[in-house]
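Report on the structure given below.
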Amino acid sequence: MGEKTFRLYDTMTKQVKELQTKEPGHLKFYACGPTVYSYAHIGNFRSFLTADLIVRVAKAIGWKVTFVNNITDVGHMTDDDLADGQGEDKLEKALKSKEGEHFHNVWELAEHYTNAFENDWRALNLLPPDVRPKATQHVRQQILAAETLIEKGNAYETPTGVYYSVESFPEYGKLSGNTQDNLRQAVRDVVQDDNKRAPADFALWKKDDKHLMQWYSPFGWGFPGWHIECTVMAREYLGDSIDLHSGGEDNMFPHHECEIAQSESLTGQPFSGHWVHTRFLQVNGEKMSKSAGNFYTVRDLIAKGADPLAVRYGLIAGIYGKPLNFTDQGVRDAQANIERYRKADQIAKSSSGDGPDTLGPMLDDLYNQTLEALCNDLNTPVALAKALEGARTIIKEGDSITRATGDSAKRFLDGVNSLLGIVYSEYDDGFTAIQASAPNVDASLIEAKIVERAEAKASKDFARADAIRKELEELGIELRDSPTGTEWVVKSSL
RNA sequence: GGCGCCGUACCCAAGUGGCUAAGGGAAGGGACUGCAAAUCCCUCAUUCAACAGUUCGAAUCUGUUCGGCGCCUCCA
């Protein structure tokens, strides 16, 4: 099993290549986290799910994984800050907005959205990172990094801040293709900051004693630049040279390009051996973003009745390297399959009786095909198809499942869940972390109605039985008769 | 102006040189059911945006055209 190779597209070399670990069997992985000035949307989570799947696959092939996912809780400039530093901070801006009225200050606001992010993370059943560092807790290291870069001749101080000199790093642009030559050809109306040596130079530190979040540094009061936090935190928790770095496609430039320049200037070592970028999630064929205001959040979808695992399923239903068109219909499609897994799980757990294991080899084979698909550049559609084939096989076995077959089924479902996270949640509070807007109907009332209907059915009063069923349906409750009794489920309003 | 992605059935979505173009949803038929729901079985692209070319052979490679999207500025 140890020889299994994990192949992933690498943005740097523009090809699918084997993911390798510098330390044998130990993957060091950094995934850029969210800026916590608002609720993360499902597009953000698509990118984190890519990271989650990578972690799961790495573990499945026997690797140890150290996974770092940061929180960007320092606001950075929203507008073009090149000109005069008058750009408004994202956190400050959020504080002034309508939602911001609930918070006393930016720190509270950041904390609130950090907690919300972590709740959504759990609801979507992402494995916890080994470290979740916050930018604000690493300001000292960021200042030190800026000082070191000045000493090394890669950065310089101006009246407005400390800037990294792109000219000092000839390889700038090797990740995104935005080389200095190409950037010069850009025809954008970038406002020139006279204090900077070159327009592409970026801030390591901004001097600003009016900023709501500010720290004291050798350069005076101010706050760190956007890119330096990841350089510093990746190095602190994973070392000078990491195996894999991931993010959304928009992180390629400038963020990751700048990280490479900073990190490699500081350490003299290749920053990351592999780069993975998740394509944007689209909604009805259009880009979704916080600024565009057309975004779905995990909590909104759950409030509308979506099963969190179905949201997860919907988000991994396409290959991470291609745009995925997310729709309500997609969640409904996923819901049907999530229910199949639940049914298969129930059947596996209710196995009884002696008899041969009729499914073991077949399920083992399907598990291997699922893993194989994921090892092939994270081909989730094929992996989901293979896994589902196994679930359907188990369901077909039904109540007659033997204990031996049931054990194989359980092993299969556990295996599939460890790979894809779609059978059951890792978290006890998976479903309660964010409570679905269950209809305001008392469970005991429903049970009473079911009993009443059973009596009506027993006395062949089908008109009355159907009336009760319809009554509950209008309350959003769906009844399912089975040989062992009547069950009820909450109907999704999606 | 620079860099890049995509166009496969009603919808979502694999496949990127060679058996009959995965899978899910929807739809239609059947089994089961008092009737439903759920579940199971069956059907559902001679065809991969269009055109031209390379090849014994292409959805897969090359070129052109049309259409959609993204980055270059905060964004996953």
Side-chain angles (χ1 to χ4, degrees), chain A residues 11 14 31-35 37-38 40-51 72 75-82 87-90 93 173 176-179 181-191 200 226 246-255 257 277-282 285-292 295 313-314 317-327 329-337 339-340 343 373 379-389 392 395-396 398 457 460-463 465-466 469-470 473 478-483 486-487 489 491:
Chain A
T11 309
K14 292 188 168 55
C32 281
T35 303
Y37 63 98
S38 174
H41 57 61
I42 55 173
N44 299 120
F45 276 102
R46 181 184 195 206
S47 167
F48 302 130
L49 279 162
T50 300
T72 297
H76 294 290
M77 291 302 182
T78 50
D79 301 324
D80 185 356
D81 62 338
L82 300 177
E88 215 175 357
D89 181 284
K90 280 191 287 190
K93 191 176 172 190
S176 64
N178 283 329
T179 58
D181 281 348
N182 284 338
L183 285 172
R184 262 190 285 279
Q185 287 174 43
V187 196
R188 302 189 130 263
D189 297 323
V190 177
V191 185
W226 175 39
S246 76
E249 61 171 312
D250 55 322
N251 281 154
M252 263 169 64
F253 188 89
H255 187 52
E257 198 69 74
H277 294 95
T278 302
R279 289 278 161 201
F280 275 131
L281 181 73
Q282 304 191 333
E286 293 205 337
K287 176 192 170 182
M288 175 171 61
S289 74
K290 285 171 183 172
S291 5
F295 63 91
Y313 196 112
I319 288 179
Y320 75 94
K322 277 191 180 184
L324 173 67
N325 197 10
F326 187 89
T327 57
Q329 182 62 49
V331 181
R332 268 178 254 133
D333 292 357
Q335 186 75 47
N337 291 324
E339 277 167 19
R340 284 203 175 98
K343 179 129 193 167
N379 192 328
T380 44
V382 168
L384 289 168
K386 293 300 174 188
L388 187 63
E389 200 179 322
R392 302 188 85 137
I395 291 169
K396 256 183 257 183
K457 277 170 70 179
K460 305 261 190 245
D461 185 356
F462 297 121
D466 290 351
R469 183 166 64 198
K470 192 162 181 222
E473 198 176 317
E478 187 179 296
L479 297 186
R480 292 176 185 172
D481 291 341
S482 79
T486 298
E487 294 168 3
V489 294
K491 282 179 71 178

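Proteins come first, then strands; the chains are lettered A, B, ... in the order of their sequence lines, and each starts at number 1.
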Interatomic distance, [X] [atom1] vs [N] [atom2] [rounded to whole Å]:
| X | N | atom1 | atom2 | answer |
| --- | --- | --- | --- | --- |
| K457(A) | rU33(B) | NZ | P | 12 Å |
| Q329(A) | rC10(B) | CD | C1' | 11 Å |
| I395(A) | rC40(B) | CD1 | C1' | 10 Å |
| K343(A) | rA37(B) | NZ | P | 14 Å |
| L324(A) | rG23(B) | CG | P | 20 Å |
| H255(A) | rU73(B) | NE2 | C1' | 15 Å |
| Q335(A) | rC11(B) | CD | C1' | 18 Å |
| F253(A) | rC72(B) | CZ | P | 9 Å |

Chi angles and distances behind the side-chain contact (heavy atoms from CB on, under 4.5 Å) call for R392(A), E389(A): CA-CA 5 Å; R392(A) 302 188 85 137; E389(A) 200 179 322; 5.9 Å; no
Give a yes/no answer on whether the side chain of [X] brings an N or O atom under 4.0 Å of OP1 or OP2 in [N].
| X | N | answer |
| --- | --- | --- |
| K322(A) | rG7(B) | yes |
| R392(A) | rG24(B) | yes |
| R340(A) | rG25(B) | yes |
| N325(A) | rA13(B) | no |
| K396(A) | rC41(B) | yes |

Would you indicate what [X] reaches in the nucleic acid, counting non-hydrogen atoms under 4.0 angstrom: base, sugar-phosphate, or nothing?
| X | value |
| --- | --- |
| R480(A) | base |
| S246(A) | nothing |
| G247(A) | sugar-phosphate |
| L479(A) | base |
| L281(A) | base |
| E389(A) | nothing |

The side chain of [X] is closest to which nucleotide in this list: [options]?
| X | options | answer |
| --- | --- | --- |
| L388(A) | rG34(B), rC72(B), rG24(B) | rG24(B) |
| Q282(A) | rA13(B), rC69(B), rC5(B) | rC69(B) |
| N337(A) | rG34(B), rC75(B), rG24(B) | rG24(B) |
| P381(A) | rA22(B), rC12(B), rC5(B) | rA22(B) |
| N379(A) | rG70(B), rA37(B), rA14(B) | rA14(B) |
| A385(A) | rC69(B), rA38(B), rG23(B) | rG23(B) |

Nucleotide paired to [N] in any strand shown, Watson-Crick or G-U, under 3.5 Å:
| N | answer |
| --- | --- |
| rC61(B) | rG53(B) |
| rC5(B) | rG68(B) |
| rU43(B) | rA27(B) |
| rC19(B) | none |
| rC35(B) | none |

If only atom types and distance count, is the side chain of S47(A) paired as donor or acceptor with the main-chain N or O of G43(A) below 3.5 Å? no
Spatial distance of atom [atom1] ([X]) from atom [atom2] ([Y]) [nearest 0.5 Å]:
| X | Y | atom1 | atom2 | answer |
| --- | --- | --- | --- | --- |
| R279(A) | T50(A) | CZ | OG1 | 12.0 Å |
| M252(A) | D250(A) | CE | CG | 10.0 Å |
| H277(A) | C32(A) | NE2 | SG | 7.5 Å |

Same-atom distance ([atom1]) from [N] to [M], integer angstrom:
| N | M | atom1 | value |
| --- | --- | --- | --- |
| rC44(B) | rG24(B) | P | 14 Å |
| rG17(B) | rA13(B) | C1' | 22 Å |
| rC48(B) | rG7(B) | P | 14 Å |
| rU60(B) | rA49(B) | P | 8 Å |
| rG63(B) | rU54(B) | P | 15 Å |
| rA58(B) | rC51(B) | C1' | 15 Å |
| rU20(B) | rA27(B) | P | 32 Å |
| rA22(B) | rU46(B) | P | 13 Å |

Do [X] and [N] share a donor-acceptor pair, side chain to base, under 3.5 Å?
| X | N | result |
| --- | --- | --- |
| D250(A) | rG70(B) | no |
| D333(A) | rG24(B) | yes |
| R469(A) | rA37(B) | no |
| R279(A) | rC6(B) | no |
| D481(A) | rC35(B) | yes |

Closest heavy-atom pair and its distance - F462(A), K457(A): CE2-O, 4.0 Å
Measure across L384(A) and A317(A) and return the closest heavy-atom pair with its distance rounded to 0.1 Å.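 Shortest heavy-atom contact: CD1-CA, 3.9 Å.
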Select from E478(A) and F48(A) the residue whose nearest nucleotide in RNA chain B is closer to the 5' end of that strand. E478(A)
Which residue lies toward the 5' end of RNA chain B, G330(A) or F45(A), if each is placed at its nearest nucleotide?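 With G330(A) and F45(A) compared, the 5'-side residue is G330(A).
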Start with the C-alpha gap between V331(A) and F326(A), add the side-chain angles, then the distance that decides, and say whether side-chain contact (heavy atoms from CB on, under 4.5 Å) holds. CA-CA 8 Å; V331(A) 181; F326(A) 187 89; 3.3 Å; yes
Using a strict threshold of under 4.0 Å (side-chain N to carboxylate O), is an ion pair present between E339(A) and R480(A)?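 The answer is yes: the pair qualifies as a salt bridge.
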